[in-house]
Amino acid sequence: MSLVLNEEQSILQQSAAEFFSSVSPVTAFRDLRETSQAYDAETWSQMVELGWSSILVPEDLGGLEFGLTGMGVLAIEGARTLAKSPLSSSAAVSVAALNHCKPSTQRDALLSALASGAKTAAFAHLETAQFNPSIIRTQSASAADGFNINGRKSCVENAQSADVVLITARSPDAGYSDSNGFVLLIDPNAEGVESNSIGLVDEREYADISISDFKIAKDEKLEWNDGAALTQVINTATVIAACELYGCSLEAFERTLEYVKDREQFGHKIGSFQALQHRLAHQYTQLELLKTVIYDALSAVEKMRKDASLAVSHAKALANDTAKLVTTEAIQMHGGIGITDELDIGLFYKRARVLRTLWGDSVYHRSHFASLSGY
Amino acid sequence: MSLVLNEEQSILQQSAAEFFSSVSPVTAFRDLRETSQAYDAETWSQMVELGWSSILVPEDLGGLEFGLTGMGVLAIEGARTLAKSPLSSSAAVSVAALNHCKPSTQRDALLSALASGAKTAAFAHLETAQFNPSIIRTQSASAADGFNINGRKSCVENAQSADVVLITARSPDAGYSDSNGFVLLIDPNAEGVESNSIGLVDEREYADISISDFKIAKDEKLEWNDGAALTQVINTATVIAACELYGCSLEAFERTLEYVKDREQFGHKIGSFQALQHRLAHQYTQLELLKTVIYDALSAVEKMRKDASLAVSHAKALANDTAKLVTTEAIQMHGGIGITDELDIGLFYKRARVLRTLWGDSVYHRSHFASLSGY
Amino acid sequence: MSDLDAFRLETRAWLEENCPKSQRGPVTPDGVIWPGRNQTFPSEDARLWFERMRDKGWTCPDYPAEYAGGGLSPAEEKVLREEMQRLNCCPPLTDQGIGMLGPALLEFGTEEQKAEHLPKIVRGELRWCQGYSEPGAGSDLASLQCKAEDKGDHFLINGTKIWTSYGVESDWIFCLVRTSNDGPKQEGITFILVDMETPGVKVKAIDLISGASEFAQVFFDDVKVPKDHVVGEIHKGWTVAKSLLKHERKMMSELSKGVLGGTVTLPDLAKEYIGCSDEGEITQPLYRDAIAHHEMNMRAIGLTGYRTHQEALARKMDTNVPLIMKYLGTSELQVKDELLVDMMGVRGLGWKDEQFNENEERATRELLFNKALTIAGGTNEIQLNIIAKRALGLPKGPHS
Amino acid sequence: MSDLDAFRLETRAWLEENCPKSQRGPVTPDGVIWPGRNQTFPSEDARLWFERMRDKGWTCPDYPAEYAGGGLSPAEEKVLREEMQRLNCCPPLTDQGIGMLGPALLEFGTEEQKAEHLPKIVRGELRWCQGYSEPGAGSDLASLQCKAEDKGDHFLINGTKIWTSYGVESDWIFCLVRTSNDGPKQEGITFILVDMETPGVKVKAIDLISGASEFAQVFFDDVKVPKDHVVGEIHKGWTVAKSLLKHERKMMSELSKGVLGGTVTLPDLAKEYIGCSDEGEITQPLYRDAIAHHEMNMRAIGLTGYRTHQEALARKMDTNVPLIMKYLGTSELQVKDELLVDMMGVRGLGWKDEQFNENEERATRELLFNKALTIAGGTNEIQLNIIAKRALGLPKGPHS
């Protein structure tokens, strides 16, 4: 179990921090709000050049096999500037999903294309507004030369801008369990695939996808490697969301710290008021715990440790709670300007508010943690 | 709905405050710890003389019919000096139980004796360590010239020092519901009644009672007035416990306030430190809400309002939470001396800790409140 | 029959006859009747209702009749309010002039100022806004820096004011400006009225995180204001301001009441979004507990308000208790906002695209907008400082 | 084979031969081996174990051999500790002299002081206690008032010390006393050793709310102490004290670890007292959630300790992180204490009468005793002040 970044990971972290603050600062997020683009293509191609799209891709398919901790470091640093890109949805989650599928020409080609930046993908699994990863109603039935698909997927990140959407599904005759589910490759813009964009408060690209009697070819259906595959992909998505929450929280906290050291009221820096000091000190303790637990969860998923699901539920629950505390306090301590759109603080709160819901809230993850612990 | 004391109630409050601080201060509680007495008989007889034993007793049986709010005021003031007496167990809860029984020679005589101070009674209902008022396993079966009783009662306050214990029971053939239950009058020191004293951290008199094949006469079994009777008695006991929690909390808070205004550290009164000020200010807001909700619940039970059970669950839950906050903070803010037996602060914490459990914790009462509110 | 009873019957009859049906029932944000130089109305009925009330002076029923007001006694005003509530009449005019500036002028204004401004307030001819806060003076209002130099016959104002509600839509602004830097910071402040069409006044809307922008920042660049626009004494504006601040705090704590408008309750929404048993019990016990906790706190706050009212009637009022209400009410409301969004999942996080129903949209909007409640009108921190000092008598630290 | 490996094999063999079976396994409170003028032992095996270790100097393995210590290098000492852990050997001697006074004497003591006191510590001939806090000097230790007047050849001590652990049982006390009131309060403090049999020394046990009384108050009434009992320079005792305080804080944060001894866990107890489904799921979801919350926090604290360890090995340690551990650990433990008692109901509130089982008695005792954890060794408030200053660099207020 490693809770400290190694030399290569530290170097990645530094270059990511420099990249995001210079190439994709919060102003870039603001500029994109004015357009209908999901992300800036030029920025993404720079990220691809840096090798970030191939971090999780196997070496024999042109990837770096750098490991999930490296991806987590990028997610943390990217969240600090609210950077928009297909990094999480495509390079992390979709690649992880494909990695857990049995090799096939289609799968290998897609992985290579994702690594090279030729394509991006989105991963569509959840079907309900409240997080419930065990429900899969989407079905695919055998049909002439391929499969016939029916189902709905809820709030899929970067679906409309992706070239391929990975849809989890099951056979019509099977009650769902990991071992008989599979992954379907779908063009989100094909006829018969209806996607409705969902504008959430974090102003990113989400869509509900509705598929009825849509046909795919035989080789566009991929099989999971084993019965644990889906759980591992969900763990990847969840821990990456936790990383983004950590990045948002850390940035909001550090900006608040800077603000209270500068802002004066009643003739004193407000950062010298003991009540604020104690609240900030407490937040700092929570952020340090979160850092530990995030690194542990990344390492657990990367190494496929037996307690990976437990570590991930821990990380997401603590990330949710810490982000709620820290981003809410950041607004409160900034006072009036904290609620203006002009200041970035509110943007971190809004992004964190969405991430707290995506991939499971704390009530869900504490219950999951308890179940996995046997109580 | 009255949330303000009327003139008579205010006068009672003032004289109670004077009485407890002069006749039964915390030192009296400490003196009793050295003995095996449940309370000081002389002090109790003075309270009887002041009419406090007859506050809830009907006028035609020698009582004052002063109402439950008056009794609540006494419970609050008594808790501020940790006064020990049969006031809650006998004059409040047992009298309330008898008031809700159908008149009979036995019942009327006992009420008169409780009013005059000739006797005291205890009320034994709960049977489990976790609060669950709907379970009654104690049974009484018809036998020659009377009834045969079997059962157990848990943690009955002032049972061993009482002349009579009021035991709730049901028929062997009936599943329990309020409407077919009844009350049995039992001498706690009779043969066949086994009582084991339970020493809790508040150092008051409690006992587990175990009854096997114990015979009582026909007229020692009383019938409830109606199907709502038991609920009303439980409401009485619960709101009186909430009053005592309020009294403990208020006293601990005021003593802490005095302490932080006096104690110096680092050259300043610690009460001038903003972090403590904010915590104390927050506690004050909770105590003010609690005061409101307690007065409302007393009035609701007294007037047999339809929402009485809801008001009582509200009062007990808020009393539990506020007492936990205030008495814990009182110890913390007193620092080292807060954890010594020499200082009274720890005694208030310990008393409150027991009261938080008796008659239902907050998890129970919030659930009850939700059920009564229809969700 | 007492005079008051007669007044009640008369009023009731008049309202029933004169208040159009469309002007009864809950006011929607689009239905509010505002004053202004170029006054427009949401509807013909609204104009009719406004004009009828204006002509009786009942847009400002407690202002003296000599200034076009209703001239009602406090008892009569209460009757009018009750009768309007009875029919659920919409307010015939909404403005910060009515409840804030007007009373200040009546208390501190000169005869000329009253004659000039009060009738215009009553008749809705001008829309007023307030200029108190500054970017560098939030909680510490008295440290304000917006400067007014004495130039003999006029003041020359330079500086800026922020958090001015409806600054963009208003015609005149009442401001606190610094006229002297001598002595304690509360001295040397002056209360002054400024026509926003004066050269050098600029207004910029402030966009909020909730997407709304009802606040503005107002900039003053060499703005000349005649000396007779000062209300009260020069350098003594803090006295006027303190009197007004009371009104503002009261308005903020009112704000925190009527949310989740209509009849939808948190438990109802929980049942809809989380589910419930056949007996109507919310199926997720953790949300059920959190909802009961919140509902208890709201009940306690409501009852405490009522207790204060009863104490006042019984002349036993603890004047410290009202201090706690804003802190408690606003904090608890934010608890509800977060809880509701938690329950709705992504449905409670809608920003655009018309995929969300009315309750969902309101949940998101209130979540974001209500972050202001614990800041505006005295931050939570200031409220706790005040409680510590006034209610608890804790010693003033060098720092609080 | 390296020398260290040889030492390990030798040590292992020696321990296996010399540590009696009864002196392995968890130490019970009654089984601790204390030193003292009139030393007694819990058992004959305990005496044997103590004497064997004492004779090798391994009661204080890192003290130099010239003072009867073990004379082990840090690496050897680590080996000894590991080998003792392997067999689960009980500590052969427990005293505040060993870990606190001894190191201070080695750093600050004169040759005579070392020769006089260190061998006695190693051999368990005297029991030591500590005199730092005073009734008026808690968190603000440097404001201590216990006075030592310079009388030429001796000091005359008057005053009192409080929170002295095992003060009643001890023979000697190491104290901080005030020898000067000039200059900053940290100056003018002297570190001095006092034989508690000296006339004028009185000790009174302090009863705690938990029923325990391991602390004492020590009174000094015209107590004469020779000048050569001063450790370090006169007036410069604060330097010695600061070095010792580090040890104390470390001990307090150790304290907050091994609770709920043995193998019973909070979830186990919850299943016993609340009940569980056939699948072992705790039936009351609110307690289940609270337990998971607590277990997560303990896991996070434990992992963070481990992270710090890894960071230290990688020479990347953030020196601020250890600052947070005492605050987090002690606070979380109190959460557990309250939760456990909530689950046990009245069974968790036993004080006397032998009706409660071992887990129940421990729950009550820890609930009450652990209230000390957020106070002793630096209150939570002091911890938060330190974090704010050192880790966050927040400006020092006049008040913090």
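Reminder, nothing fancy here: chain letters follow the sequence lines and each chain counts from 1.
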| task | Using a strict 4.0 Å threshold on nitrogen-to-oxygen distance, state whether C/R365 and C/E358 make a salt bridge. | result | no
| request: Output yes when C/K78 and C/E82 qualify as a salt bridge under the 4.0 Å nitrogen-oxygen rule, no when they do not. | output: yes
| request: Any chance you could lay out the side chain to side chain contact (heavy atoms under 4.5 Å, CB included) test for B/F66 and B/M71, step after step, and finish with the verdict? | output: CA-CA 8 Å; B/F66 191 81; B/M71 186 55 80; over 6 Å; no
| field | Proximal component of C/I291, with respect to chain B [non-hydrogen, under 4.5 Å] | value | both
| message | Atom CD of residue position B/E258 - does it have more than 12 heavy atoms of other residues, nucleotides or ligands inside 6.0 Å? | response | no
| Max heavy-atom pair count under 4.5 Å with chain C, selected residue of B/V363, B/T285, B/N6, B/L318 | B/T285
| request: Using a cut-off of under 4.5 Å on heavy-atom pairs, state which of C/S277, C/A270, C/S331, C/G393 scores highest against chain B. | output: C/G393
| said: Evaluate B/L126 against B/N132 for side chain to side chain contact (heavy atoms under 4.5 Å, CB included), listing each step before the verdict. | reply: CA-CA 7 Å; B/L126 301 173; B/N132 189 337; over 6 Å; no
| chain C contact via B/E254 - side chain, backbone, both or neither, heavy atoms under 4.5 Å | neither
| message | Looking only at heavy atoms and a cut-off of under 4.5 Å, which of B/D296, B/V293, B/D321 has the most pairs with chain C? | response | B/D296
| B/A317 versus chain C, heavy atoms under 4.5 Å apart: side chain, backbone, both or neither? | side chain
| request: If the plane angle is over 60° it's perpendicular, under 30° parallel, otherwise tilted; pick one for B/F273 and B/H268. | output: perpendicular
| Of all heavy-atom pairs between B/I240 and B/A92, which one has the smallest distance, and what is that distance? | CG1-CB, 4.2 Å
| field | Winner by heavy-atom pair count (cut-off under 4.5 Å) against chain B, out of C/H293, C/K271, C/E311 | value | C/H293
| What part of B/S371 gets closer than 4.5 Å to chain C, counting heavy atoms only: side chain, backbone, both or neither? | both
| note | The interface call for C/D318 against chain B, heavy-atom contacts under 4.5 Å, is side chain
| Side chain, backbone, both or neither: which part of B/H365 has a heavy atom under 4.5 Å from chain C? | backbone
| request: Side-chain contact test, heavy atoms from C-beta onward, threshold under 4.5 Å: evaluate it for B/S10 versus C/K316 and give yes or no. | output: yes
| task | Residue by residue, scan residues 279-288 of chain C and write down, ordered by number, those that have a heavy-atom distance under 4.5 Å to chain B; if none do, write 'none'. | result | C/G280, C/E281, C/I282, C/R288
| remark: Turns out that what part of C/L313 lies under 4.5 Å from chain B's heavy atoms comes down to neither
| B/E264, CD: over 12 other non-hydrogen atoms inside 6.0 angstrom | yes
| field | SB check C/E295 C/R299 (cutoff 4.0 Å) | value | no
| field | Nearest-0.5 Å distance that lies between atom CD in B/Q283 and atom CG in B/L290 | value | 12.5 Å
